[in-house]
Structures are given as structure tokens and as C-alpha cells.
Amino acid sequence: MTILNDWQAMYAGDSMGMLEALWNLPDQCARAWELGLATPLPPGRDVRQVVVTGLGGSAIGGDLLRVYGSGRLSVPVVVNRDYVLPQFVGPQTLVFAVSYSGNTEETLSAYREARERGARLVVLTTGGRLKEMALADGVPVITVPAGIAPRAATGYLFIPTLAVLSRMGMLSGVEAGVEELSRHLQSLREKYKPEVPLDENPAKQMAANFHNRIPVIWGASGTTEVVAQRWKGQVNENAKAPAYWNVFPELNHNELVGFQYPPELLQRLYIVILRDPRDHPRVVLRYAVTREIMEKAVAGVTEVTATGRDGLARLYSLIYLGDYASIYLAFLYGVDPGPVKVIDRLKASLAGK
Ligand code: F6R
């Protein structure tokens with residue numbers, strides 16, 4: 001029997017409760033909205049730019065905000081994954097400093113820089129040095145529950161930013177979107193949960209497609225790009241395996257050419273195209289032509305389309321599938337999805353320098 005049909009074994013091999021955290025994501029999203037409503041707002045109006053500064057699982061919420069907000073916000077959202085901030089950051093910039101642990105050195109450095117530049121700040125964290133500094137500086141802190149992996153906390157690390165921007169009058173209609181999101185995820189988890197066997201479970205089938213192959217995830221600019229990035233990161237961190245991502249239409253102008261050599265290795269690649277009902281009609285045409293070219297070159301190509309009415313539900317419908325698939329892939333490789341010992345070792349080694 002495949003491990004994917006042995007749900008007790010999967011729960012037993014999941015030391016950090018990644019499956020449980022995924023199951024709880026609908027609730028997490030609803031609670032995250034409440035956290036964002038309860039936080040004090042940073043002083044001042046007239047915000048010209050929004051910057052989300054963080055790394056890894058704490059930064060992806062910034063990309064979700066950037067994509068979700070691009071048609072709704074009148075100001076740009078920039079995601080900063082670095083020690084330093086872009087030159088434009090100043091008193092008219094709203095900076096969300098996000099670190100689940102509160103101890104990521106790049107984020108602490110960017111936080112300090114934002115303070116020096118007089119930016120308006122909101123901190124999202126479970127604690128650590130970041131919370132200490134924010135409390136001492138009188139910066140609003142959204143304290144999110146500890147005890148899960150940062151990448152399992154995207155609801156907590158992203159949705160409060162929507163609540164803050166809503167309350168500042170910069171976004172509207174988000175509350176209904178968050179409600180739909182929770183409901184939609186509740187119905188999707190019934191399809192993806194470990195108790196549903198492989199032949200009825202699209203997340204397990206996706207993991208089986210990826211097994212012993214290298215996933216290549218393609219999204220589209222402005223819709224599913226952030227999901228492609230998320231799937232890649234989740235395969236890396238959960239399954240401890242490589243994966244790559246890119247976006248349409250850009251990949252049609254370079255990456256597409258690179259699928260001729262070496263043919264034996266290309267037969268180890270598996271391509272997923274992540275689609276959204278609102279993709280540009282010319283991009284939709286590109287999917288079909290690209291797929292035709294790729295099918296001969298790689299092990300397989302599959303397409304998945306986002307479901308849900310509002311953009312939030314649609315983004316998360318795909319994220320949820322990728323999150324489950326990456327955890328199932330971990331079990332296929334016989335690894336525990338939770339621990340990321342390599343990142344921990346790297347952080348510990350840098351902390352001593
Ligand atoms: C671990 C994970 C990592 C961390 C990153 C930054 O689950 O997803 O990508 O998010 O190393 O750490 P934090 O989130 O604590 O600032």
C-alpha cells in the first residue's frame with residue numbers, strides 16, 4: 001500500500017503537525033482578520049507606498065498582498081526580502097515588518113532602517129527581538145499565535161495586513177472576501193485531507209506526479225504568479241526537494257527555448273500550469289500553444305484552475321492544493337514535512353558570527 005493511503009502513518013510521521021495546521025487554515029484566516037481589526041493603527045494618513053519586509057514564509061504574504069491589492073489599492077506594494085530597504089521608503093511609506101519568530105536578522109535590520117527613515121510601521125510576529133523593539137518604540141504589534149511553522153501561518157501573517165489597510169480606508173470589500181475564503185477552504189479540505197484515498201484526492205495525485213521528478217510550476221503575471229512561487233517554496237521546505245517556477249507571458253520569451261537538452265534529464269521534469277479564470281485572454285491562448293510544445297519534451301504537463309468568486313478565495317484555492325501536495329510528496333520521499341534543519345543550522349551558524 002502506498003503511504004498516501006495510510007493516513008495514520010502520515011499523521012504519525014508529521015512531528016510538527018503540518019497536516020493539522022493545514023486543516024485549521026480556514027479558522028486561522030478568520031482569526032487573522034479579527035487580529036487585524038483589533039490592532040491599533042499607525043498614526044498619520046496619506047500613505048504613498050506599502051512595503052512588506054520579511055523572508056521566506058513570512059514574506060510570501062507580502063506577495064499575496066501585492067497581487068491581491070494590485071487591482072484594488074491605489075498605492076504600490078513592494079515586497080522586500082533584504083537587510084536594507086529601497087531608497088523611496090520614508091514618512092509616507094507604510095511598512096509591515098513580518099517575522100514569525102521575530103528573530104530573523106534581515107527583518108530586524110530592515111525594521112531598524114524603517115524606524116530611522118520615519119516610516120509608519122506595523123509589526124506582525126509571535127514575539128522575539130522584533131516584538132521587543134516594536135513595544136519599546138511604541139510601534140503597533142500584531143501578535144500571532146506561536147507553535148506552528150512560519151510557512152503554515154500565511155493566514156496570520158497576511159490577512160491582518162488586509163484588515164489594517166481596510167481600516168485605513170485603502171481597501172474595500174475585503175471582509176466578504178475573507179468570509180468566502182474561510183468557507184471555500186472548508187469545502188476544499190474535505191477533498192484534500194489525508195483520509196481521502198489517492199484515487200479520489202487531487203492533492204495526493206499531484207504529489208504522485210511530482211514523485212522522483214522535478215516540479216516546474218508556471219503561473220501568470222498578476223494572477224497566479226505568487227502561487228507558483230509558493231508551490232516551489234513548499235516543495236523545497238516540506239518535501240526537501242527542488243522545484244522551479246516562472247510566469248507567463250515572460251517565460252514564453254526565454255525559458256520555453258530551454259527544453260531541448262539534455263533530453264534524458266528533461267524527461268524528469270513535470271510541469272504544472274496554474275490558471276485563474278481572470279487570466280488575460282492572450283495568456284490563455286499561450287497556455288495551449290506552450291503545452292503542446294512542452295508535452296513532447298518533459299514527463300508530463302497538467303493544468304489546474306483556481307476556484308472561488310473573490311480573488312482571495314481563488315489565490316488560496318491553489319495555495320491549499322500545493323500545500324497539501326507538497327506535504328504528501330514529503331511522505332512519498334519518507335521525510336518529515338515539518339523540520340527545516342538546514343535553515344535552522346544556517347541561522348544558528350550566522351548568529352554566532
Ligand atoms: C520555515 C519557513 C522559513 C521562515 C524564514 C524566516 O517554516 O517557512 O522560510 O519563514 O526562515 O523566518 P521567520 O518567518 O521566523 O522570520
Side-chain angles (χ1 to χ4, degrees), residues 14-22 24-25 28 32 35 51-65 79-85 95-114 121-134 139 141-161 226-243 245 316 319-320 322-327 329-330 335-352:
D14 177 16
S15 69
M16 287 175 63
M18 299 297 284
L19 286 167
E20 192 190 340
L22 259 191
N24 290 333
L25 188 61
Q28 181 187 135
L35 285 175
V51 171
V52 181
T53 192
L55 277 296
S58 291
I60 196 79
D63 287 297
L64 285 163
L65 178 64
V79 185
N80 187 67
R81 292 175 162 89
D82 199 358
Y83 292 87
V84 292
L85 290 167
V95 177
F96 291 104
V98 188
S99 169
Y100 190 74
S101 63
N103 290 320
T104 296
E105 64 176 42
E106 298 94 317
T107 313
L108 296 177
S109 156
Y111 169 89
R112 288 190 196 98
E113 205 178 319
L121 267 156
V122 176
V123 158
L124 284 94
T125 186
T126 57
R129 185 78 193 102
L130 186 60
K131 182 167 177 176
E132 281 169 19
M133 287 197 296
V139 163
V141 181
I142 301 177
T143 305
V144 306
I148 53 178
R151 62 191 183 283
T154 59
Y156 286 137
L157 299 174
F158 160 52
I159 290 179
T161 64
V226 50
V227 187
Q229 183 175 6
R230 167 75 174 182
W231 277 41
K232 177 238 185 263
Q234 291 292 81
V235 169
N236 297 154
E237 290 193 59
N238 292 337
K240 286 67 177 167
W245 71 285
Y316 262 98
I319 287 181
Y320 217 29
D323 281 11
Y324 267 109
S326 63
I327 291 177
L329 184 59
V335 290
D336 185 347
V340 283
K341 290 189 189 133
V342 181
I343 299 179
D344 298 341
R345 204 187 317 141
L346 188 107
K347 286 184 179 178
S349 135
L350 279 167

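Order of listing sets the numbers, starting from 1, for every ligand and every atom in it. Residue numbers run from 1 in the order of the sequence given.
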With side chains defined as the heavy atoms from C-beta onward, is the minimum distance between [X] and [Y] less than 4.5 Å?
X: T126; Y: Y156; result: no
X: T53; Y: E113; result: no
X: T154; Y: R230; result: yes
X: S58; Y: T104; result: no
X: V123; Y: M133; result: no

### Message
With a 4.0 Å heavy-atom cut-off, what residues sit around ligand 1?
### Response
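Ligand 1 is contacted, at a heavy-atom distance under 4.0 Å, by L55, G56, G57, S58, S99, Y100, S101, T104, A149, P150, R151, E237, I343, K347.
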
### Task
Could you tell me whether R81 and D63 have a side-chain N and a carboxylate O separated by less than 4.0 Å?
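Salt bridge present between R81 and D63.
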
